[in-house]
There are 2 protein chains.
Amino acid sequence: MESAFAVLAEPHRRAILSMLSSSERSVGELMHHLRLPQPSVSKHLKVLRDGGFVESRVEAQRRVYRLNPRPLQEIDAWLLPFRRFWSRHVDALEQQLERMEENSSVKGKKRHGKP
Amino acid sequence: MESAFAVLAEPHRRAILSMLSSSERSVGELMHHLRLPQPSVSKHLKVLRDGGFVESRVEAQRRVYRLNPRPLQEIDAWLLPFRRFWSRHVDALEQQLERMEENSSVKGKKRHGKP
DNA sequence: CAGGCATATGACCGTATGTGCATATACGTG
DNA sequence: CACGTATATGCACATACGGTCATATGCCTG
């Protein structure tokens, strides 16, 4: 698993993180919410653990998982240069859209025809 | 490809986006920088196009690609709830770290107790 | 119009990944 | 100590993905 993004590529894993952002949860709770068999949940949790997204606490037989924000903070940091980009280019993009509109309305067509 | 995160899971694609954040580039330029065969570059560009991350402009035989910030903005938006989480918990985490420090310095990375 | 450059697309292959099932492990309780 | 609950792990399988090679398409130039 090379990057935090690869971990987040999986919808169930994002769902787990979202659930954990509101509060800690046991595997059973996650399982119930996600409507996913327990082994799947455990495996996703392993990926999340290995990626540093979550940590677990043992509570009797339960493992209670909680969020660890660091990897998400790294993603936040990765976005930084792009934020500069889009704040610089907001107006340029709007102009671009206007140009596209007045230029043609057939943007869906793929010009593959042969002459 | 179900999500923007899946698109970003690929390191070469992130590299492409980073390159495009500084300026537009032709496929050839990207190819040269990434040291990747041209078909690979084109395929990654297709994924990025389908995901809305980039747009291309035709310039003679060249296709010049530029960044489209929207999908990245969506990711930025997805991070919002987590930002609230980590700003709420920064101090808690610091306390946690201090506790761990004063508790023991030999715990290392035990995480997976083996019997 | 032929030829060449720039890019896209298709087929094939090896590998990684998510899922399901079966099972192992750990813990609490009678 | 046997049993049930809660979670993790190993195996098998199908699928998706990235890389490579070969080829198609598009455009420019002589």
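Keep in mind that what you see is a predicted model, and the values were worked out from it rather than measured. Atom set for the values below is all heavy atoms of this structure, side chains included, hydrogens, waters and symmetry mates excluded. Residue numbers begin at 1 in each chain, while the letters A, B, ... track the order of the sequences.
Put simply, the side chain of A/Leu45 reaches to within 4.5 Å of the side chain of A/Tyr65, judged on heavy atoms. In this structure, the side chains of A/Arg83 and A/Leu80 come closer than 4.5 Å at one or more pairs of heavy atoms. In this structure, the side chains of A/Asn68 and A/Leu48 stay at 4.5 Å or more apart for every pair of heavy atoms. Contact annotation: the side chain of A/His32 never approaches that of A/Glu29 to less than 4.5 Å [non-hydrogen atoms, C-beta and beyond]. Side-chain contact between B/Val7 and B/Pro71 is absent, with no heavy-atom pair separated by less than 4.5 Å.
Proximity note for B/Ser26 (side chain, C-beta onward) versus C/dG28, C/dT7, C/dG18: the nearest is C/dT7. Nearest nucleotide to the side chain of B/Val27, out of C/dA8, D/dC27, C/dG20: C/dA8. Nearest nucleotide to the side chain of A/Gln61, out of D/dG18, D/dT7, C/dC27: C/dC27. Candidate nucleotides C/dT19, C/dT9, D/dT9 were compared by shortest atom distance to the side chain of A/Lys46, and D/dT9 ranks first.
Projected onto DNA chain C by closest heavy-atom contact, A/Val58 and A/Pro37 fall at different nucleotides, the more 5' of which corresponds to A/Pro37. Along DNA chain C, the nucleotide closest to A/Leu36 and the one closest to B/Ser40 are compared, and the more 5′ of them pairs with B/Ser40.
Rounded to an integer number of Å, the gap from B/Leu8 CG to D/dC17 C1' is 16 Å. Taking atom CZ of residue B/Arg25 and atom C1' of nucleotide C/dA6, one finds them 18 Å apart after rounding to whole Å. Protein atom CD of B/Glu10 is 15 Å distant from nucleotide atom C1' of C/dT17, rounded to whole Å. Computed from coordinates, the A/Arg57 CZ to D/dA8 P distance equals 14 Å when rounded to whole Å. Rounded to whole Å, atom P of C/dG18 lies 13 Å from atom CG of A/Leu45. Rounded to whole Å, atom P of C/dA6 lies 13 Å from atom NE2 of B/His32. At whole-Å resolution of the value, NE2 in B/His12 and P in D/dT20 are 9 Å apart. We find that CG of A/Asp50 is positioned 14 Å from C1' of C/dT17, with the value rounded to whole Å.
Regarding contacts with the backbone of D/dC17, every side-chain N or O of B/His44 stays at 4.0 angstrom or more from both OP1 and OP2. The side chain of A/Tyr65 contributes an N or O atom lying less than 4.0 Å from OP1 or OP2 of D/dA8. Phosphate proximity of C/dC27 to A/Arg62: absent, as no side-chain N or O sits under 4.0 Å from OP1 or OP2.
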Between the protein and nucleotides 10-16 of chain C, are there any N/O to N/O pairs under 3.5 Å, and if so, what are the atom names and distances?
from	atom 1	to	atom 2	distance (Å)
C/dG10	O6	B/Lys43	NZ	3.0
C/dA11	N6	B/Lys43	NZ	2.7

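Salt bridge A/Glu59/A/Arg57: present, at least one basic N to carboxylate O contact under 4.0 Å.
In this model, no side-chain donor or acceptor of A/Gln38 finds a partner on the base of D/dA6 within 3.5 Å.
Note on ring orientation: taking the six-membered ring where Trp is involved, the planes of A/Phe5 and A/Trp78 are perpendicular (angle over 60°, cut-offs 30° and 60°).
Between the B/Ser42 side chain and the B/Pro39 main chain, no donor and acceptor come within less than 3.5 Å of each other.
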